[in-house]
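In what follows, a structure is listed as structure tokens, so that the remarks can point back to it.
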Amino acid sequence: MRTKSIEQSIKDSEEPEHALTRSLSALDLTVFGVGVIIGTGIFVLTGAVAKEQAGPATALAFVVAGIVCALAALCYAEFASTVPVAGSAYTFSYASLGELPAWTIGWDLVLEFALGTAVVAVGWSGYIRSLLANAGWELPAALSGPDAAHGFSFDVLAAALVLAITVILVLGMKLSARVTSVVVAVKVAVVLLVIIAGSFFIDPANYHPFIPEAKGTISGSGLTAPLIQLMFGYQPTTFGVEGIFTAAAVVFFAFIGFDVVATAAEETRNPQRDMPRGILGSLLICTVLYVAVSIVVTGMQKYTRLTVDAPLADAFKATGHPLYAGFISFGAAVGLTTVCMILLLGQSRVFFAMSRDGLLPRVFSRVHPRFGTPYRSTILLGMIIAIVAGFTSISQLAALVNIGTLFAFVVVALGVLILRNTRPDLPRAFRTPWVPVLPIVSVVASLWLMLNLPAETWLRFAVWMVIGFVVYFLYGRRHSRVTGTGRRGEQGPRGAA
């Protein structure tokens, strides 16, 4: 449980062989945040939750999920500006909770970002294959993914996307920011097209009833249903007010990504000022866009008739405007590239920070002498994720991304409370308001959404954590630069910073 002092974390980030280049501005961070948040969630989840859980009140589900994220974002903003070091929640936990909790959250983030990148890459591949099919080009079944053929099959497009963005990330953060800016501009333009054009086809009758009556108990809702039945004597249902909160746990996937901005703290020119702006700004922009899109789509088409696979595109087709549907599909395909890029960026930075601390092999914490990027960890992770995306159909594991992110939110909120008590002397460029109330509310809200996830997700998450503990006690604990054989010697007594 020994913590690593913030001063030591900052000192480690200045070692020549392990120092990242500071090149990002607040605008770059905001673009990164918008780039990773706006993805499959806005193009796919809207139809699913409106049809099955919340009806037109899907907009309220986005608001609830956005509020939960905002509570966590305020905690992230304080940490990222106070501890401007790569690693996000991993680094924050090391400074406040101790090495084992830090390892746990770092191992969790590695899974979260890896699965997120692979899932989105497979989704991108599906969009591209669809566009190619519309143009009369068909990929061989053996190159179209594991669901496309019997026997050997490899999703060559998904793997190629991951490898391409790996090269871009190795070549430099500024290049990555420029590529992201262009793609995000296209993606936001498509979202605005949906909002503006779709508003002309709204039928107010489609909003009635805004909150449909409860239609039955939630199937597969995980731990929430039995807990509610135990405590309050009734089972939760889809639709109704309860359906809004269940939908919020689902659409939460659409908000995943703003926490990735915190992983770039060490590469920001003025992190004390720019990190809070990037984190909070990107979250606010995306929440407004999500709410507006859900209002427009449920107004264009009755929620009972929305499709699950492509609700935005199909809503325009239903109103007799297939041309808009083509633009939406193109925007979704283009936009998913930035989601993959920023998720891989976040994972490589967490892996880099854990390696620099000795919890993973130190060889992966070397930066490229010319590009100033953690090229070894980026290449390793890029190759692994490309293989996973090419060979594996992992859509059923996507919920692991949700539970991993929510777990990180809980840890960061607790870290703010602890660090306020243990290090009140630290200069804080941004201070989370209403401490301790806001962090406590953030913890409760995140735990509530976690309880809305399926029980199978909790089981898989537990298995991954057990594997992580085995790796830590067999390797990380002995090689840690704080507690193991790689210990520097300048640390204080056990348990002290």
Side-chain angles (χ1 to χ4, degrees), residues 23-45 66 69 73 76 80 88 109 112-114 116-121 123-124 127-128 161-162 164-195 252-265 267-268 274-290 292-293 328 330-350 373 378 382 385 401 405:
S23 61
L24 300 179
S25 64
L27 179 60
D28 292 327
L29 296 173
T30 303
V31 170
F32 273 140
V34 174
V36 71
I37 296 173
I38 296 182
T40 52
I42 196 169
F43 294 111
V44 176
L45 291 180
C69 289
Y76 268 89
S88 184
L109 291 175
E112 172 198 336
F113 294 150
T117 305
V119 168
V120 174
W124 176 86
Y127 271 109
I128 296 299
L161 173 65
V162 175
I165 63 177
T166 298
V167 172
I168 294 174
L169 290 174
V170 168
L171 292 178
M173 179 62 87
K174 200 60 184 177
L175 174 62
S176 305
R178 290 171 181 167
V179 173
T180 302
S181 298
V182 174
V183 178
V184 168
V186 174
K187 183 160 52 175
V188 172
V190 171
V191 174
L192 292 176
L193 172 68
V194 171
I195 296 171
F252 180 81
F253 180 81
F255 286 92
I256 287 176
F258 79 85
D259 56 321
V260 181
V261 176
T263 65
E267 295 160 276
T268 304
D274 294 342
M275 288 306 301
R277 293 181 180 181
I279 292 173
L280 298 172
S282 59
L283 181 60
L284 176 61
I285 291 171
C286 294
T287 301
V288 171
L289 292 177
Y290 279 0
V293 165
I328 292 170
F330 171 76
V334 171
L336 293 182
T337 59
T338 60
V339 179
C340 284
M341 177 182 293
I342 300 167
L343 286 174
L344 180 55
L345 181 151
Q347 187 195 32
S348 65
R349 270 46 178 184
V350 173
T373 56
T378 303
I385 295 173
V401 183
T405 303

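Below, each value reflects all heavy atoms present in this structure, side chains not excepted, and no hydrogens, waters or symmetry copies. Keep in mind that this is a model prediction, so the values were computed, not measured.
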Looking only at heavy atoms, what is the nearest atom pair of Gly382 and Thr166, with distance? CA-OG1, 3.4 Å
Ile38 side chain reached by Ile285 side chain, heavy atoms, under 4.5 Å: no
Roughly how far, to the nearest 0.5 Å, is CG of Leu345 from CD1 of Ile165? 9.5 Å
Taking every non-hydrogen atom, the tightest pair across Ala121 and Leu161: CA-CD2, 4.2 Å
Given Leu29 and Ser282, is the side chain to side chain contact (heavy atoms under 4.5 Å, CB included) satisfied, shown in steps? CA-CA 8 Å; Leu29 296 173; Ser282 59; over 6 Å; no
Can you find a heavy atom in the side chain of Tyr290 that is under 4.5 Å from one in the side chain of Ile37? yes
From Glu267 CD over to Asp28 CG, what is the distance, rounded to the nearest 0.5 angstrom? 11.0 Å
Give me the atom names and distance for the closest heavy-atom approach of Ile385 to Ala118. CG2-N, 4.0 Å
Here the pair of heavy atoms bringing Met275 nearest to Val261 is CE-O, 3.2 Å
Give, for atom CZ of Arg277 and atom CG of Leu284, the distance between the pair rounded to the nearest 0.5 Å. 14.5 Å
4.5 Å side-chain heavy-atom contact, Leu169 and Met341: yes
Taking all atoms of both residues into account, what is the closest heavy-atom pair of Ala80 and Ala262, and its distance? CB-CB, 4.4 Å
Within-4.5 Å side-chain heavy-atom neighbours: Phe255 and Thr405: no
Report the C-alpha distance between Leu343 and Val36 in whole Å, list the side-chain angles of each, state the deciding distance to 0.1 Å, and finish with yes or no for side chain to side chain contact (heavy atoms under 4.5 Å, CB included). CA-CA 7 Å; Leu343 286 174; Val36 71; 3.9 Å; yes
Ignoring hydrogens and angles, tell me if any N or O in the side chain of Thr373 forms a donor-acceptor pair with the backbone of Val170 under 3.5 Å. yes
When you compare the side chain of Lys187 with that of Thr337, does any pair of heavy atoms fall below 4.5 Å? no
In the structure I gave you, are the side-chain heavy atoms of Phe113 and Leu344 within less than 4.5 Å of one another anywhere? no
Are side-chain heavy atoms of Leu24 and Asp274 found at a separation under 4.5 Å? no
How long is the gap from CD1 on Ile342 to OG1 on Thr117, to the nearest 0.5 Å? 10.5 Å
Least distance between heavy atoms, Ile195 atom then Val293 atom: CG1-CG2, 3.7 Å
